[in-house]
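Shown next, in structure tokens, is the structure this report addresses.
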Amino acid sequence: MSYSKDFTVAICGGGLCGLACAVALSRAGISVTVFEASSFSQEAGAGVGLGPNAVRALKGLGIFDAILARSDQPEPIPRLFGFVSAKDPHDSIFSYETKCDHPVALAIYRPAFLDAVVELLDPSIIRFGKRCTSINVSKDGKHVMHFADSTTHETDLIIGADGIRSVARRFVIGELAKDPLIYPNTAAYRGLVPTEDLRRAGVQTELTGRPLCFLGLDKHMICFPIKGATVINIVVFLSDYDKPPQSELPYPWVESVSQEELKEHCKDWGHDPKIILDHLKNPSKWSIHALDPLQNYVRDKVVLVGDASHAMLPHLGAGAGQGFEDVFVLVQLLTHPRTEKSNLSNVLARYNDVRPPRANDVLRASARAGRLYDSFRTPEQDKTRLQTKLSGIWEDVWSYDLHKDVTTSFETLHRLHVF
């Protein structure tokens, strides 16, 4: 088979970003192989929220229509949050409005996303059950991936899409560097409850329209409708802001806990949240992890995308979108007609110019948003302050001009006579 480029690409990780990248590169005629640690049939996970910037990136990659067809939405729709008090009488604190031109979003179950994208790929380019354990550079300049089954793979370029516990990141930052993975003392309790059960039990707050954030002190609850509003997806976040972020990580990352544990944490909340938690029979507790900001996503010809480079707290629903922005910019650079093996280092340097500043801005904004949601005492004390602080918190995330970054990168490559 003939390829459009004189270099080969290996993608470490077959999750959301890895598969999206593989589709776009293979369609452009680039030799690409995906190595995924798990068996695809074992993939699991929660819902994925795709904001307007993520939708634009996926459209630019040419895969949005396939993803939309697998979702339970006929089309992307605005998903603007409402914020209410978790205490009685559940006063409305703020209803988010946006100046974004096309504020449409999509929510999709992670396995449905993966099913949609994997169908766009030649099955022969995906290798399942291949857990990468280390990366090094050979004497002839090739990058070598080492796997748990004692096999290796040589390639010209490695894209590290292997998530928050990334092996590729260890190569990029160096073996002696401090691990940026932290536990910021935040736990998320998740569950699903039928909408009708909550109505019959007497919940008065409307849960089938806007997604809602019930505001509290050191905790908040997100409720958003799924499956045609017949089910409410519930996530309660509890944070301990008195402790510094920890480098010693809790284990397990996900565990089943008792309903009583969660209710005890939220006993000061009002009527509706208490009914909702009464119906959350078997919550799962997720210890949320994140990264300290990385200044570099590239070393040699290994480049990071997605959670491998900027795993963030989920309080703006922006993590997946930043990964797809990474993939869009990287694909634009790698598929440019003048990109070739001899100038890959220069091309990757342009990616490293534009992506860490942008993604780290969103990472920090996500952490600030969580603190904001968790700072509510009473409407009298906090309503005006929160209205001011919450206004516009998604604008920089949703309205970012990704094409400008690509254009700037191309202009720099031309100015440096790389192109």
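The figures that follow rest on heavy atoms only: side chains count, while hydrogens, waters and symmetry mates do not. Numbers here simply count residues along the sequence, with the first being 1.
Interatomic distance, L344 CG to K301 NZ, rounded to the nearest 0.5 Å: 6.5 Å. In this structure, SG on C213 lies 10.5 Å from CD1 on I93, to the nearest 0.5 angstrom. Rounded to the nearest 0.5 Å, atoms OG1 (T339) and CG (L334) are 6.5 Å apart. With rounding to the nearest 0.5 Å, the separation of CZ in R190 from OG in S284 is 7.0 Å. One finds the CZ atom of R377 at 4.0 Å from the CG atom of D382 (value rounded to the nearest 0.5 Å). Atoms CD1 and CE, on I288 and M312 in that order, are 13.5 Å from each other to the nearest 0.5 Å.
The existence of a salt bridge linking D278 and K263 is confirmed by a sub-4.0 Å separation between a basic side-chain nitrogen and an acidic carboxylate oxygen. Salt-bridge formation is detected for the pair D353/R350: a Lys NZ or Arg NE/NH1/NH2 atom is positioned less than 4.0 Å from an Asp or Glu carboxylate oxygen. At a threshold of 4.0 Å, the pair K274-D268 does not count as salt-bridged, since none of the basic side-chain nitrogens sits closer than that to a carboxylate oxygen. D149 has a carboxylate O that lies under 4.0 Å from a charged side-chain N of K130, or vice versa, which qualifies the two as a salt bridge. The residues R199 and E196 are annotated as salt-bridged, a charged nitrogen and a carboxylate oxygen being separated by less than 4.0 angstrom.
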> Could you walk me through whether Y109 and D72 pass the side-chain hydrogen bond (donor to acceptor under 3.5 Å, both in side chains) check?
Replying inline: CA-CA 9 Å; Y109 189 46; D72 60 9; over 6 Å; no
>> What verdict does the side-chain hydrogen bond (donor to acceptor under 3.5 Å, both in side chains) test give for E411 and T408, after you've listed the backbone C-alpha separation in whole Å, the side-chain angles of each residue and the deciding distance to 0.1 Å?
In response: CA-CA 5 Å; E411 289 173 349; T408 299; 4.7 Å; no
> Hey, mind stepping through R131 and E36 against salt bridge (charged side-chain N to carboxylate O under 4.0 Å, His left out) and telling me if it holds?
Replying inline: CA-CA 6 Å; R131 182 170 66 84; E36 165 56 32; over 6 Å; no
> Can you check ring-ring contact (aromatic ring centres under 6.0 Å, His included) on H403 and F328, steps first, answer last?
Replying inline: CA-CA 9 Å; H403 288 278; F328 178 80; 5.2 Å; yes
> What do the steps show when you test H146 against N136 for side-chain hydrogen bond (donor to acceptor under 3.5 Å, both in side chains), and what is the final call?
Replying inline: CA-CA 8 Å; H146 298 260; N136 71 289; 2.4 Å; yes
>> side-chain hydrogen bond (donor to acceptor under 3.5 Å, both in side chains) for Q73 and S71? Distances and angles first, verdict last.
In response: CA-CA 5 Å; Q73 292 179 215; S71 77; 5.6 Å; no
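At a cut-off of 3.5 Å, with distance as the only test, a side-chain donor of Q246 or N185 sits close to an acceptor on the other residue. Under 3.5 Å, the side chains of D218 and S239 contain no donor-acceptor pair of N or O atoms. Between the side chains of H220 and D374, at least one donor N or O lies within less than 3.5 Å of an accepting N or O. Remark: the E325 side chain and the N53 side chain contain an N/O donor-acceptor pair separated by less than 3.5 Å. Y297 and D326 are not linked by any side-chain donor-acceptor pair at a separation below 3.5 angstrom, with hydrogens and angles left out of the test. For T8 and T155, the side-chain atoms include at least one donor-acceptor pair closer than 3.5 Å. In this model, no donor atom of one side chain and acceptor atom of the other lie less than 3.5 Å apart for T384 and Q387. A donor-acceptor contact under 3.5 angstrom links the side chains of R385 and S375, judged on distance only.
In this structure, R210 and S95 have side chains that are in contact, with non-hydrogen atoms separated by less than 4.5 Å. By the 4.5 Å heavy-atom criterion applied to side chains, N360 and R364 are counted as neighbours. Contact annotation: the side chain of L330 never approaches that of L25 to less than 4.5 Å [non-hydrogen atoms, C-beta and beyond]. Looking at I182 and H289, their side chains never come closer than 4.5 Å, going by heavy atoms from C-beta outward. Side-chain contact check for V84 versus L215: every heavy-atom pair is 4.5 Å or farther apart. At least one side-chain heavy atom of L157 sits under 4.5 Å from a side-chain heavy atom of L348. Contact annotation: the side chain of Q259 never approaches that of H279 to less than 4.5 Å [non-hydrogen atoms, C-beta and beyond]. Between R299 and F171 there is a side-chain heavy-atom pair separated by less than 4.5 Å.
A cation-pi arrangement is present between R165 and W253 under the rule of less than 6.0 angstrom and at most 45 degrees off the ring axis.
Of all heavy-atom pairs between S391 and F94, the closest is CA-CZ, 3.8 Å. Here the closest heavy-atom approach between residue P211 and residue L80 is recorded as CD-O, 3.8 Å. C132 approaches C12 most closely through the heavy-atom pair CB-SG, 3.7 Å. Across all non-hydrogen atoms, the minimal contact from C223 to L207 is CB-CD2, 4.3 Å. Taking all atoms of both residues into account, the shortest heavy-atom contact from F214 to S85 is CD2-O, 3.8 Å.
Each of L192, D197, V193 was scored for a side chain to side chain contact (heavy atoms under 4.5 Å, CB included) with V231, with one residue passing: L192. Results of the side chain to side chain contact (heavy atoms under 4.5 Å, CB included) test with I126 over I11, L121, V32, T33 single out L121 as the only residue that passes.
Under a 3.5 Å cut-off, the side chain of H310 and the backbone N or O of L294 do not form any donor-acceptor pair.
For F83 and Y373, the distance between ring centers is under 6.0 angstrom. You'll find the ring centres of F81 and W394 inside the 6.0 Å limit. For H336 and F410, the gap between ring centers is short of 6.0 Å.
Using the six-membered ring where Trp is involved, F35 and F147 have ring planes that are tilted, between 30° and 60° apart.
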